[in-house]
Amino acid sequence: PMQWVGPLCLQTESSTEEISVPLATYETTLWPSTARGARVSCRTGGIRCTVLKDQMTRSILLEVPDASTGATVASSLQNSLEELQAVVNSTSRYATVSSIHSEHIGNLLFLRFAFSTGDAAGHNMTTKAADALRAHVLKTFPDLKDVSVSGNYCTDKKVSAVNGILGRGKQVIAEAVIEKKWIHNYLKTTAAQMAELNLRKNLIGSIAAGSLRSGNAHVANLLLGFYLATGQDAANIVEGSQAITHLEDRDGDLYMSVTLPHLILGTIGNGKSLPHVEEALTRLGCREEREPGENAQRLAKICAATVWCGELSLLAALTNPGELMASHEKYERS
């Protein structure tokens, strides 16, 4: 089931844009809850979304004779980006290798290549490029042995620290400041209550649970709904939900941000030609004539703003005893 909710308000360089967003979910409370956060966003001047990084990764795994050889290979490749880009050019018109990170475990060498992939999420594009780079490295260094085109140091669809530190896909921060009166009128709570709850639940509670680089209320809910509605690989919510929600009480006003280190989405590629996806991307303004990568970055900003709205509304509900369960009984009881 899918519904359009909103509009939410997104700050752009020159103005504030009102955008309704699609969410596909069986958790029907998600629609009115996100809509409430969206209404608040339009009273704040809009949500500011900043894309810090845009890079898809794939790590190949090689066996080296010894650690010293592995260090030499890694160092040599760091100084050969132009040569490596020539190899990548043979596989794609859009992929550009931007960086290499290495990890050495005994005689195993993990090479994590980061690529810009235009408007595609880049799963297949980076795998194809990594496959060609793997063959190139093995030819250049004949003492090495092939293990796998994917060594799990990428890391794809798994919880990891490396993605949170280095980023994978789009690294986006959504933030806004909400005035005290709107917190009271729309959310029936206070900035102090919400900031304290976020500290105790999202941060301390997540530490107690052993969460890895993650402290949020329900980011996965929003990502799943948005990903399914816009033709994304929904399994990428595994790493995508490793997000941190941060709140500050500023003399009764509320600063709130959601930091998403690895949003993996695109506007072209597999699944994007389905009728409902085509309609969604067109309505979201992600089918415009822009420079490569700009439509996908716009989609990532809208996704991050949607997450912000959902996080805000749920945290507010949790400061009011009984509100969460009452809403589920209202909307989900057959």
Side-chain angles (χ1 to χ4, degrees), residues 5 8 10 21 23 25 27 30 33-34 37-38 40-41 47-57 121 154-178 194-195 197-230 232-248 254-266 296-318:
V5 301
L8 58 79
L10 183 68
V21 296
L23 291 173
T25 180
E27 190 169 354
L30 204 62
S33 180
T34 306
V40 174
S41 78
I47 305 165
R48 298 179 301 276
C49 294
T50 305
V51 178
L52 300 177
K53 292 181 182 178
D54 187 352
Q55 56 181 19
M56 190 57 168
T57 62
C154 311
T155 296
D156 187 39
K157 301 167 186 171
K158 289 169 280 291
V159 174
S160 70
V162 69
N163 284 354
I165 296 169
L166 298 179
R168 186 170 194 257
K170 277 84 172 156
Q171 186 174 25
V172 189
I173 295 177
E175 58 186 344
V177 178
I178 310 164
M194 290 188 66
L197 175 66
N198 185 64
L199 171 64
R200 295 180 173 184
K201 166 188 164 59
N202 284 350
L203 303 183
I204 296 176
S206 296
I207 292 171
S211 298
L212 181 61
R213 293 191 63 85
S214 182
N216 62 78
H218 70 150
V219 165
N221 267 337
L222 284 308
L223 290 185
L224 180 60
F226 193 87
Y227 277 23
L228 290 176
T230 60
Q232 313 305 320
D233 188 336
N236 283 125
I237 70 168
V238 174
E239 64 259 52
S241 63
Q242 285 182 267
I244 297 176
T245 300
H246 174 57
L247 276 68
E248 294 179 3
L254 180 70
Y255 167 83
M256 176 171 154
S257 69
V258 182
T259 299
L260 299 144
H262 20 70
L263 285 182
I264 298 171
L265 38 67
Q297 289 198 5
R298 173 181 170 83
L299 187 66
K301 290 179 179 180
I302 296 171
C303 180
T306 305
V307 171
W308 185 95
C309 293
E311 283 287 281
L312 175 74
S313 186
L314 177 56
L315 284 171
L318 290 173

If you compare all heavy atoms of [X] against all heavy atoms of [Y], which two are closest, and at what distance to 0.1 Å?
X	Y	result
Gly167	Thr57	O-CG2, 4.3 Å
Cys303	Phe226	CB-CE2, 3.5 Å
Trp308	Ser41	CZ3-CB, 4.0 Å
Ala300	Leu263	O-CD1, 3.7 Å
Arg48	Tyr255	NH2-CE1, 4.5 Å
Leu265	Ala296	CD1-O, 3.8 Å

Task: Worked check of side chain to side chain contact (heavy atoms under 4.5 Å, CB included) between Val219 and Ser214 - done: CA-CA 10 Å; Val219 165; Ser214 182; over 6 Å; no

[X] [atom1] to [Y] [atom2] distance, which is reported to the nearest 0.5 Å:
X	Y	atom1	atom2	value
Met56	Lys170	CE	NZ	9.0 Å
Leu222	Cys309	CG	SG	8.0 Å
Cys49	Ile173	SG	CD1	10.0 Å
Leu254	Leu312	CG	CG	7.0 Å
Leu318	Ser313	CG	OG	9.5 Å
His246	Thr259	NE2	OG1	8.5 Å

Would a distance-only check, ignoring hydrogens and angles, find a side-chain to backbone donor-acceptor pair under 3.5 Å from [X] to [Y]?
X	Y	value
Gln232	Gly266	yes
Glu311	His218	yes
Thr306	Ile302	yes
Asn216	Ser241	yes
Tyr227	Ile264	yes
Glu27	Thr25	no

Once side-chain contact (heavy atoms from CB on, under 4.5 Å) is applied, do any residues pair with [X], and if so which ones, sequence neighbours excluded?
X	value
Val162	Arg112, Tyr153, Thr155, Ser160, Leu166
Leu224	Leu228, Ala234, Ile237
Asp156	Arg58, His123, Arg168, Asn236, Glu239

Open item on the list: Applying salt bridge (Lys or Arg N to Asp or Glu O under 4.0 Å) as the test, list every pair that has at least one member in residues 198-209; sequence neighbours left out.
Closed with: Glu196-Arg200

Task: Residues in side-chain hydrogen bond (donor to acceptor under 3.5 Å, both in side chains) contact with Gln297, at least two apart in sequence or another chain - done: Asp54

Task: Flag side-chain contact, heavy atom, 4.5 Å: Leu315 against Thr245 - done: yes

Task: Asn198 and Met256, any side-chain heavy atoms less than 4.5 Å apart - done: no

Open item on the list: Tell me every residue that passes salt bridge (Lys or Arg N to Asp or Glu O under 4.0 Å) with Lys301, counting only those two or more places apart in sequence or in another chain.
Closed with: none

